[in-house]
Amino acid sequence: MKIKKTYLVITPFFPSKKSFVGTYVFDQVNEINKQTNYRISIIKIVSLFSREKDYFFKDYKVCVFKVIDFPFFFFPGLFNKINNIRFKNFLKHKKIENIYFSHAHVSYPASYLQSILSCTKIIQHHGLDVLQLLNGRANFLRRIQKDYLTKNTINVLNKADLNIGVSQKVLNQLHQFDNYHPKNEIVLYNGVDRTKFYPSKKVNDVFTIGCIANFWKIKDHMTTIKSVKRLIDKGIKIKLRFVGTGKTLNSCKKYVNNNNLSEFIIFENEMEHHELNKFYNDIDLFVLPSYYEALGCVYLESWATNTPF
């Protein structure tokens, strides 16, 4: 029996029953599955300290590989040789074979791991911090770490067969590094499924703003909250709805409670991607208070529902 060719996806982001982060990767995998005859294998990369185990999501088996690293993104890749040996054994153990394409999402650690494979290698870049130089907390070592990470990562990117940016702006960020000389690169814009997102507008009694975003520092939710507070203080009737989870969620909730804003500002649990169409149609304005974006999928979803953003 002939073994199918494998299209391997290596990513730190992929949705599960508990979290929907990485839905855009799932949508891409779906399209690859529809348009090709490859066997899709998905490896999700997590920290060594993660409790996550292999799981199924929408008929896809997701194999979890734990990377050995120092915490806080301290000299990432220092254990690269060990991780590569472990990754090779991992593929053997999971019976992931006959790999024809390897598609790594985000520079580190996915592209580092796929470098050991003998196949066509693709690296897709989703953010403007293309080399993840803003990660980590050791400010006094940041210069040394920046040089170390830049040299190693650019070397890996140059060896890849194809580098993909979700916008030209992302690729422009890569070209700021003098040693970056890709074999090939393209822009592959994030898309939106018009069968999932379409106009079905609801008329609100109170003007409603909505935001769907991870509660991370670069998604500055607090600015939106304080802006809406100023409008409320002026007597303007307005409502703000948030969907998402993350490290800054608790501080945002605390501010809302301390300022008696719970009647106007609502925090909602993450929901299945296909359920978000109703959310977009139930709001009057979509806002994403981010410091920078490569090409946010949420903008496109809002556009598809005719919701101003």
Side-chain angles (χ1 to χ4, degrees), residues 8-26 29 41-58 60-96 102-117 123-127 129-142 144-146 148-150 152-153 156 213-219 221 244-254 269-270:
L8 177 63
V9 178
I10 309 172
T11 175
F13 310 116
F14 203 81
S16 65
K17 288 181 179 179
K18 293 181 179 179
S19 172
F20 304 113
V21 175
T23 298
Y24 50 87
V25 179
F26 166 71
V29 165
S41 292
I42 300 163
I43 295 177
K44 185 175 180 179
I45 304 166
V46 300
S47 161
L48 183 66
F49 307 103
S50 172
R51 294 182 179 180
E52 203 163 356
K53 297 179 180 179
D54 294 0
Y55 63 93
F56 280 89
F57 184 79
K58 307 287 186 183
Y60 291 103
K61 183 179 180 181
V62 181
C63 297
V64 175
F65 180 75
K66 297 182 179 181
V67 174
I68 297 174
D69 253 335
F70 284 126
F72 311 124
F73 213 71
F74 185 74
F75 286 108
L78 195 62
F79 301 100
N80 196 44
K81 288 184 179 179
I82 297 172
N83 283 322
N84 284 346
I85 293 170
R86 293 176 58 248
F87 189 63
K88 202 170 185 177
N89 291 330
F90 178 85
L91 292 173
K92 196 172 183 180
H93 176 68
K94 299 295 180 182
K95 296 181 180 178
I96 299 174
S102 175
H103 190 148
H105 290 270
V106 188
S107 295
Y108 182 83
S111 64
Y112 281 55
L113 293 173
Q114 81 166 4
S115 64
I116 67 168
L117 303 174
I123 303 172
Q124 185 164 350
H125 308 276
H126 295 270
D129 182 19
V130 281
L131 303 190
Q132 296 144 283
L133 300 178
L134 297 179
N135 291 352
R137 299 181 184 178
N139 291 326
F140 66 98
L141 283 175
R142 186 158 284 175
I144 300 171
Q145 178 157 314
K146 180 181 177 182
Y148 163 84
L149 183 59
T150 300
N152 290 344
T153 304
V156 172
N214 296 309
F215 279 80
W216 297 338
K217 283 187 178 180
I218 66 163
K219 313 283 190 184
H221 293 77
T245 58
K247 292 182 178 179
T248 62
L249 176 59
N250 287 335
S251 60
C252 288
K253 283 183 174 180
K254 186 176 180 180
N269 294 328
E270 284 186 302

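The shown structure was predicted, so the numbers you read here are calculated from the model rather than taken from an experiment. In this chain, residues are counted from 1 in sequence order.
- With values rounded to the nearest 0.5 angstrom, Phe57 atom CZ is found 9.5 Å from Ser19 atom OG.
- Residue Lys94 qualifies as enclosed at atom NZ: its count of foreign heavy atoms under 6.0 Å is above 12.
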_Audit row: Val62, Asp54, side chain to side chain contact (heavy atoms under 4.5 Å, CB included) steps and yes/no_ = CA-CA 6 Å; Val62 181; Asp54 294 0; over 6 Å; no
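- In summary, the aromatic rings of His221 and Phe215 are positioned with their centroids under 6.0 Å apart.
- Under 3.5 Å, the side chains of Thr153 and Tyr112 contain a donor-acceptor pair of N or O atoms.
- Using cut-offs of 30° and 60° on the angle between ring planes, the pair His103 and His105 is parallel.
- Taking the six-membered ring wherever Trp is involved, the centroid distance between the rings of Phe26 and Phe20 does not fall below 6.0 Å.
- In this structure, the side chains of Thr11 and Val106 stay at 4.5 Å or more apart for every pair of heavy atoms.
- Between Asp69 and Tyr108, the side chains place a donor N or O and an acceptor N or O closer than 3.5 Å (distance only, hydrogens not considered).
- Residues Ser47 and Lys66 form no side-chain contact, since every pair of their non-hydrogen atoms from C-beta on lies 4.5 Å or further apart.
- Taking the side chain as every heavy atom from C-beta outward, Val64 and Lys53 never approach each other to under 4.5 Å.
- No side-chain donor-acceptor contact under 3.5 Å links Asn214 to the backbone of Gly246.
- Between Val46 and Pro12, the closest side-chain pair of non-hydrogen atoms is not below 4.5 Å.
- Residues Ile10 and Ser102 meet the side-chain proximity criterion, which asks for heavy atoms closer than 4.5 Å.
- Within the 4.5 Å cutoff, no side-chain heavy atoms of Leu91 are placed close to those of His93.
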_Candidate pair Asn89 and Arg86, rule side chain to side chain donor-acceptor pair (under 3.5 Å), full reasoning_ = CA-CA 5 Å; Asn89 291 330; Arg86 293 176 58 248; over 6 Å; no
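- Ring pair His126/Tyr24 is tilted by interplanar angle, where 30° to 60° counts as tilted.
- Side-chain atoms of Lys44 come within 3.5 Å of backbone N or O of Phe14 as a donor-acceptor pair.
- Separation of atoms CD1 (Ile96) and CG (Leu117) is listed at 10.0 Å; rounding is to 0.5 Å.
- Side-chain contact check for Leu78 versus Phe70: some heavy-atom pair is nearer than 4.5 Å.
- Annotation: the span from Lys61 atom NZ to Ser41 atom OG amounts to 9.5 Å, rounded to 0.5 Å.
- For the pair Val9/Ile43, no side-chain contact is recorded, criterion being any heavy-atom separation below 4.5 Å from C-beta on.
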